[in-house]
Amino acid sequence: MSRPAVMRRMQEIAHVDVNCFYASAERVFNPALEGRPVIVLSNNDGCAVTRSPEAKRLGIGLGDPWFKLRPRAKEWGLVALSSNYELYGDISARVMELLGRYSAWLEVYSIDEAFLGVKGEPDELLVLGRAMKAACRRHVGVPVCVGIAPTKTLAKLCNKWAKNNPAFNGVCRWESVPVEQREALMARLSVIEIWGVATRLTKRLNAMGIFSILDLTRANPVAIRDKFSIVMMRTVLELQGTPCIPMEEERIGRDQLIFSRSFSTPITTAAGLRQVMSVYAQMASARLAKHDLQAKVLTAFAATSHFNPNEKSFPSVCVALPMPTADPVLLTKAAHALLPQVHEGTKYVRAGIMVTDLRPSGNQKPLEIFENPHEERSIGILLEDVAKRYGRGSIGLGHAGIKGGPDWSMKRDMLSPRYTTHWDELPLVKAA
DNA sequence: ATGAGCCAG
DNA sequence: GATTCTGGCTCAT
């Protein structure tokens with residue numbers, strides 16, 4: 001048997017992930033943050049969700065509450081920033097656009113991660129990985145790592161190795177790592193490092209004597225399916241090199257939309273919650289209209305703090321809408337059905353609405369007698385437009401439009417400018 | 001069909 | 001005093 005002169009290389013999958021994305025995005029426009037410990041905080045400046053390597057080295061953990069870090073921030077030289085989603089979304093779009101040039105087959109997996117279908121000889125693939133890494137640094141300004149492997153699960157694992165093992169220089173390809181080295185790495189990493197395995201599954205696996213990634217790789221996929229689930233079996237097969245998790249098309253249809261937030265200060269009145277419900281209903285309306293969707297069901301809820309066992313209250317209502325709709329008036333009215341259930345004086349720290357049973361609005365027109373006048377004029381979009389131009393609180397239906405009500409806005413004391421999306425927050429460059 | 005459970009980022 | 005938020009999937013009922 002003679003080998004063909006040109007071997008047809010198998011499809012491989014590259015996984016690209018921005019290192020500590022939010023912190024890196026902040027550094028793009030604030031180079032003074034380079035080399036310093038930086039953390040980005042969750043909504044309401046609650047806890048650390050992203051840490052630069054320098055911050056990790058200080059022992060700051062994911063989810064560490066800011067109030068515990070703050071006393072030592074100065075001594076550490078720690079910079080804490082409120083999350084600036086507008087900036088991150090824009091940086092993300094730039095990264096994804098750039099990656100799209102390297103493969104027609106790009107799956108944007110999250111705000112800072114993507115899978116790409118790639119083909120080529122082993123050394124070509126490594127060159128490609130390094131090129132993508134260099135391009136993200138050069139053209140967008142963020143550091144990324146790249147993992148390349150026959151399956152998504154292995155590509156994610158390689159990416160982790162690329163991140164944690166300086167010898168890889170940020171790019172790691174499964175097949176290019178000698179088997180003995182791979183097994184040594186897998187033997188000393190816990191199964192919890194694997195995509196799809198978290199604390200619960202780790203406990204159950206450990207109970208069966210499966211501790212390391214190598215243990216899991218050598219497990220019998222069928223036995224795993226019987227003891228766990230089809231998902232876990234796929235993970236094992238993927239570790240063994242059999243692709244089971246396909247590249248996905250862009251998600252278009254969603255089953256539900258949720259608008260929910262914790263408040264910076266608790267809301268204790270029905271009037272306050274009424275206002276919150278109005279705002280969320282209008283946000284939902286705008287989002288539905290944007291995607292040409294209508295909802296049939298709206299659920300509204302509020303909740304007291306889980307950390308206060310003395311005052312537990314979790315009111316919620318589920319409203320079947322009279323017809324599938326994206327109408328802000330109807331949604332607001334439905335959301336207000338929650339109000340009779342709220343106790344005056346109780347401290348609600350969180351509330352939200354969820355619209356479910358979504359369907360495309362385009363295809364079938366409702367009977368004329370059911371047609372809704374608001375919908376025709378796309379009030380949802382209009383409201384959103386005005387709010388964008390003149391600021392939230394400048395327009396709104398009912399109680400959403402009142403300024404100076406109770407303060408339930410997000411606490412973001414350390415917000416960086418939206419450098420790339422607002423003209424008045426552009427970075428200034430001074431030439432010497 | 002729906003809720004509980006688990007997971008990702 | 002303070003501990004994210006949103007969305008997806010599978011399995012059991």
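Note that the structure is predicted; figures quoted are calculated from it, not measured. The sequence lines fix the lettering, A, B, ..., with proteins before strands; numbering per chain opens at 1.
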Can a donor-acceptor pair be found between the side chains of A:Asp45 and A:Ser82 at a distance below 3.5 Å?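 Side-chain D/A pair, A:Asp45 to A:Ser82: present.
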
Among the nucleotides [options], which one has an atom lying closest to any side-chain atom of [X]?
| X | options | answer |
| --- | --- | --- |
| A:Ser42 | C:dG7, C:dT4, B:dC7 | C:dT4 |
| A:Arg70 | B:dC7, C:dT3, C:dA2 | C:dA2 |
| A:Trp195 | B:dC7, B:dA8, C:dT3 | B:dA8 |

What does the list of N/O pairs under 3.5 Å between the protein and nucleotides 10-13 of chain C look like, with a distance for each?
from, atom 1, to, atom 2, distance (Å)
C:dT10, OP1, A:Arg234, NH2, 3.1
C:dC11, OP1, A:Ile230, N, 3.0

Interatomic distance, [X] [atom1] vs [N] [atom2] [rounded to whole Å]:
| X | N | atom1 | atom2 | result |
| --- | --- | --- | --- | --- |
| A:Ile353 | C:dG7 | CD1 | P | 11 Å |
| A:Ile39 | C:dT4 | CD1 | P | 14 Å |
| A:Lys203 | B:dC7 | NZ | C1' | 15 Å |
| A:Leu205 | B:dC6 | CG | P | 13 Å |

Can any side-chain N or O of A:His15 pair as donor or acceptor with the backbone N or O of A:Ala114 at less than 3.5 Å?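 Checked: no pair found.
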
Answer yes when A:Glu238 and A:Lys152 have at least one side-chain N-carboxylate O distance shorter than 4.0 Å, and no when they do not.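 No.
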
Listed partners of A:Ser176 passing side chain to side chain contact (heavy atoms under 4.5 Å, CB included), at least two apart: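 A:Ser176: side chain to side chain contact (heavy atoms under 4.5 Å, CB included) contacts with A:Leu126, A:Arg173.
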
Using the side chain to side chain contact (heavy atoms under 4.5 Å, CB included) rule, pick out the option among A:Asp17, A:Thr50, A:Val142, A:Val16 that qualifies with A:Asp112.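 Single side chain to side chain contact (heavy atoms under 4.5 Å, CB included) partner of A:Asp112 among A:Asp17, A:Thr50, A:Val142, A:Val16: A:Asp17.
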
Give [X] one of three labels, base, sugar-phosphate or nothing, depending on what nucleic acid heavy atoms sit under 4.0 Å from its own.
| X | value |
| --- | --- |
| A:Tyr109 | sugar-phosphate |
| A:Ile194 | sugar-phosphate |
| A:Leu41 | nothing |
| A:Asp64 | nothing |

Fill in the dot-bracket string of DNA chain B, one character per base: . for unpaired, | for a pair to another strand, ( ) or [ ] for pairs within the strand, taking Watson-Crick or G-U pairs under 3.5 Å. |||||||||

Would you measure the distance from the P atom in B:dA8 across to the matching atom in C:dT3 and give it in whole Å?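 Per the computed distance, 23 Å lies between those P atoms.
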
Fit a plane to each ring of A:Phe115 and A:Trp195, take the angle between them on a 0 to 90° scale, and name the class: parallel (under 30°), tilted (30 to 60°) or perpendicular (over 60°).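 If you compare the ring of A:Phe115 with that of A:Trp195, the planes turn out tilted.
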
